[in-house]
Asks: 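Handing you this structure, nothing more for now.
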Amino acid sequence: MFTESKLHVPANLAEALDPQWLQQALAEISGGAAVVDVKTVDTLETMAAKVRIAVRFADGHTRHFCLKAFFNPNIARGAGATAIREARFYERIAPHISVRSPRAIAHIDDEKQTAILIMEDLIHAGAHFCSALEPFTA
């Protein structure tokens, strides 16, 4: 059975980077370990903001994540349905298919029509995302 998170979805990046919020948001993979430090590694904002972060836990371990959300209020108004659909994909579909995808934790607020994804940081893990400005072959 699917149970949805009731955790508050941050309205802005400062809220999303708050160690107390991240501790709750990451509890299912960290066992509730205290977050003692959060560092922003990189930020890219096209439609959605993608913010790569390093999170240090009380046990000394650091894990790398990528937050994805619509924090820009000019964009967020029309993007809620898109954010929720993507979050539901990672919660409900991705665990059951064989397509490789990053592990992600989704927090959704249907009432406010918003969502945030916390994904493993694939760039930190060695991935490279191509752009239309660089040549590549199939």
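Computation of the quantities below employed the complete heavy-atom set of this structure, encompassing side-chain atoms and omitting hydrogens, waters and symmetry-equivalent molecules. The structure presented is a predicted model; accordingly, all values stated were derived computationally and were not measured.
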Asks: Parallel, tilted or perpendicular: which one describes the rings of H124 and H64, with boundaries at 30° and 60°?
Replies: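 Correct class here is parallel.
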Asks: Quick check: do L117 and F89 have side-chain heavy atoms less than 4.5 Å from each other?
Replies: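 Side chain of L117 against side chain of F89, heavy atoms only: no contact under 4.5 Å found.
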Asks: Could you walk me through whether I29 and R63 pass the side chain to side chain contact (heavy atoms under 4.5 Å, CB included) check?
Replies: CA-CA 11 Å; I29 61 170; R63 299 207 37 197; 4.0 Å; yes
Asks: Rounded to the nearest 0.5 Å, what's the gap from CG on L17 to CG on L13? Could you check?
Replies: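 The CG atom of L13 is 4.0 Å from CG of L17, to the nearest 0.5 Å.
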Asks: Given side chains that start at C-beta, do those of L22 and F65 come closer than 4.5 Å, heavy atoms only?
Replies: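 Of all side-chain heavy-atom pairs linking F65 with L22, none is under 4.5 Å.
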Asks: Kindly give the heavy-atom pair with the smallest separation between A83 and A115, and that separation in Å.
Replies: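 Reported closest heavy-atom pair: O-CB, 3.8 Å.
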Asks: Looking at OG1 of T62 and CD1 of I53, how far apart are the two atoms once the value is rounded to the nearest 0.5 Å?
Replies: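 T62 atom OG1 to I53 atom CD1 measures 11.5 Å (nearest 0.5 Å).
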Asks: Which heavy-atom pair separates E15 from A11 by the least distance, and what is that distance?
Replies: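 Answer, listing the atom of E15 first, then A11: OE1-N, 3.2 Å.
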Asks: Mind checking side-chain hydrogen bond (donor to acceptor under 3.5 Å, both in side chains) for E28 and listing every partner two or more places apart, or none if nothing turns up?
Replies: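 Result, side-chain hydrogen bond (donor to acceptor under 3.5 Å, both in side chains) vs E28: none returned.
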Asks: Check whether any side-chain heavy atom of F70 lies under 4.5 Å from a side-chain heavy atom of T114, and answer yes or no.
Replies: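 No. Closest side-chain heavy atoms not under 4.5 Å.
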Asks: How many angstroms lie between CD1 in I116 and CG in L67, if you round to the nearest 0.5 Å?
Replies: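 The distance works out to 5.0 Å.
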Asks: At what distance, to the nearest 0.5 angstrom, does NE2 of H96 lie from CD1 of I93?
Replies: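 One finds 9.0 Å between NE2 of H96 and CD1 of I93.
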Asks: Show me the donor-acceptor pairs, under 3.5 Å and distance only, between side chains in residues 32-44 and residues at least two apart or in other chains.
Replies:
{"from": "D37", "atom 1": "OD2", "to": "K39", "atom 2": "NZ", "distance (Å)": "3.0"}

Asks: Under the rule for salt bridge (charged side-chain N to carboxylate O under 4.0 Å, His left out), what residues qualify as partners of K68, not counting sequence neighbours?
Replies: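 Result, salt bridge (charged side-chain N to carboxylate O under 4.0 Å, His left out) vs K68: E86.
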Asks: Count I, L, V, M, F, W, Y as connected when their side-chain heavy atoms are under 4.5 Å apart, and connections chain through other members. Are Y90 and I108 then in the same cluster?
Replies: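 No: no chain of side-chain contacts under 4.5 Å links Y90 to I108.
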Asks: Begin from the C-alpha positions of R52 and I123 and carry the test side chain to side chain contact (heavy atoms under 4.5 Å, CB included) through to its verdict.
Replies: CA-CA 9 Å; R52 296 177 52 227; I123 292 173; 3.6 Å; yes
Asks: Say you draw a straight line from CD1 of I84 to CG of D109; how long is it, rounded to the nearest 0.5 Å?
Replies: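 The distance works out to 7.5 Å.
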Asks: Return yes if a side-chain donor-acceptor contact under 3.5 Å exists between E134 and H128, otherwise no.
Replies: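 Checked: E134/H128 side chains pair up, N/O donor to acceptor below 3.5 Å.
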Asks: With hydrophobic residues grouped by side-chain heavy-atom distances under 4.5 Å, do L7 and F71 end up in a single group?
Replies: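 Yes; F71 is reachable from L7 via cluster members.
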Asks: Just how far is it from atom CG of D121 to atom NZ of K50, taken to the nearest 0.5 Å?
Replies: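 Atom-to-atom, D121:CG and K50:NZ are 13.5 Å apart.
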Asks: Should M119 and I97 be regarded as members of a common hydrophobic cluster, given that ILVMFWY residues are connected when their side-chain heavy atoms come within less than 4.5 Å of each other, either directly or indirectly?
Replies: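 Same cluster.
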